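Position 1 is the first residue of the sequence; numbering continues from there. Every number for a ligand or one of its atoms is a count from 1 in the order of the listing. Since we're looking at a predicted model, the values are computed, not measured.
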Amino acid sequence: MRIPMIAGNWKMNTTINEAIQLVSEIRWKLGAIDNVDKVICPPFISLAAVSELIKGSSIKLGAQNLYFEDNGAYTGEISPLMLADLCELVIIGHSERRQYFNETGEIIDKKIQAALRFGLKPILCIGENSDENEAGKTEEVITNQLMASSTRVYYLSGLVIAYEPVWAIGTGRAATGKQANETIGFIRHTISQKEGKRIAQDLRILYGGSVTAANAAEFINQPEIDGALVGGASLKPAEFLSIVKQTAEIRGRLSG
Ligand code: PGA
């Protein structure tokens, strides 16, 4: 059984004080929910404060990005060496980074390698945009993204994949559970062919794109979907808690 994961991607939201307040509101209740990996990914500047707040709890901390060099003359960047003491996970290749910051497959590949060098678990984001979706190119795009950043060591390391169709991110227009399950099944199949059945079966693949407390169950109930990467709804304490709770309940039922 793959342990489900719910990861909150706060994106460029919250001051340090707001981050402290948000985490303070949810940490006890969130920490008490078993059998789900609970991850929060605040902005870089809040990582240290949040890390103190969740110390000793079962909540895991993730960064939203990193640079692939360890240190040096890279003004404004944050390295995996700097993150390694603070975080367990790091989101890599989010579509907003691909789109607004010109991240290519090659850059994403270097970032994954850098994260793994320091023991950070990457959450690799992949997904097609609406033009590609309408042109029926979803599988082709996803295959290219997987191949651009795939070596055996990634999958063996327990990398997490988040399938996030770009047209569903922040739009309120989530994929249906069935659609997401099919595409995630395709991702698992592709990895199975390349890396073998066992690696593919152990790999966690999340869905992301307009997940809310109201639609989370639709995704979690699908056999191929191992959780969610949650943007907007992760900034609302009650909403995020509800998504994690529903996941624990549904998965408990499915495995019981
Ligand atoms: P959303 O974002 O939940 O606000 O659609 C998801 C993401 O970008 O990870």
Side-chain angles (χ1 to χ4, degrees), residues 4-14 18-19 22 26 30 36-44 46-47 50 60-66 87-103 108 111-112 115 120-130 132-133 138 141-142 145 149 159-177 179-181 183-184 187 204-220 222 225-247:
M5 175 182 283
I6 302 292
N9 173 12
W10 295 8
K11 309 194 179 185
M12 197 177 71
N13 294 294
T14 68
E18 287 165 347
L22 210 169
I26 55 174
L30 197 58
V36 179
D37 270 350
K38 301 139 297 202
V39 184
I40 47 179
C41 307
F44 283 133
S46 296
L47 287 174
V50 170
K60 297 177 199 283
L61 194 57
Q64 298 174 17
N65 181 31
L66 51 65
C87 302
E88 272 182 63
L89 299 103
V90 55
I91 298 171
I92 294 180
H94 191 281
S95 62
E96 286 148 18
R97 298 223 47 98
R98 295 179 194 255
Q99 190 180 344
Y100 305 134
F101 303 98
N102 304 319
E103 283 195 12
I108 291 162
K111 290 187 171 193
I112 295 177
L120 291 159
K121 191 187 280 292
I123 302 176
L124 168 64
C125 301
I126 59 173
E128 82 288 0
N129 65 29
S130 66
E132 292 160 345
N133 183 278
T138 299
V141 170
I142 282 171
Q145 289 171 337
S149 44
L159 167 111
V160 176
I161 290 182
Y163 167 58
E164 299 206 305
V166 180
W167 46 268
I169 296 177
T171 57
R173 196 163 70 89
T176 64
Q179 273 173 333
N181 191 64
T183 308
I184 289 176
I187 294 169
R204 286 184 287 181
I205 312 179
L206 317 180
Y207 166 76
S210 297
V211 174
T212 62
N215 66 16
E218 184 182 339
F219 299 106
I220 305 303
Q222 302 288 338
I225 304 181
D226 301 313
L229 182 55
V230 184
S234 70
L235 294 165
K236 301 175 191 154
E239 183 104 5
F240 190 64
L241 265 174
S242 166
I243 294 170
V244 176
K245 261 192 214 149
Q246 291 182 58
T247 306

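- Between Leu22 and Leu235, the closest heavy-atom pair is CD1-O, 3.8 Å.
- Listed by atom number, the atoms of ligand 1 under 4.0 Å from Glu164 heavy atoms are 6 (C), 7 (C), 8 (O), 9 (O).
- In terms of the salt bridge (Lys or Arg N to Asp or Glu O under 4.0 Å) criterion, residue partners of Lys111 (sequence neighbours excluded) are, by chain and number, Glu103.
- Close N/O approach between Lys11 and ligand 1 is found [any backbone or side-chain N/O within under 3.5 Å].
- With values rounded to the nearest 0.5 angstrom, Asn215 atom CG is found 10.5 Å from Thr176 atom OG1.
- For atom 5 (O) of ligand 1, the nearest non-hydrogen atom from the set Ala233, Gly231, Gly170 belongs to Gly170.
- Under 4.0 angstrom from ligand 1, the non-hydrogen atoms of Ile169 come from both its backbone and its side chain.
- Per-residue contacts place Asn9 under 4.0 angstrom from the following atoms of ligand 1 (heavy atoms of the residue considered): 9 (O).
- In terms of heavy-atom proximity, Thr212 sits nearest to Ala233 at CA-CB, 4.2 Å.
- Contact atoms of ligand 1 toward His94: 7 (C), 8 (O), 9 (O) (distance under 4.0 Å to a heavy atom of the residue).
- Which parts of ligand 1 touch Gly209 is read off a 4.0 Å heavy-atom cut-off, strictly below it: atoms 5 (O).
- Here the closest non-hydrogen pair linking Gly231 and Lys11 is CA-CE, 4.3 Å.
- Applying the 4.0 Å criterion to heavy atoms of Gly232 picks out, from ligand 1, the atoms 1 (P), 3 (O), 4 (O).
- Closest approach of Met12 and Gln64 over heavy atoms only: N-OE1, 4.4 Å.
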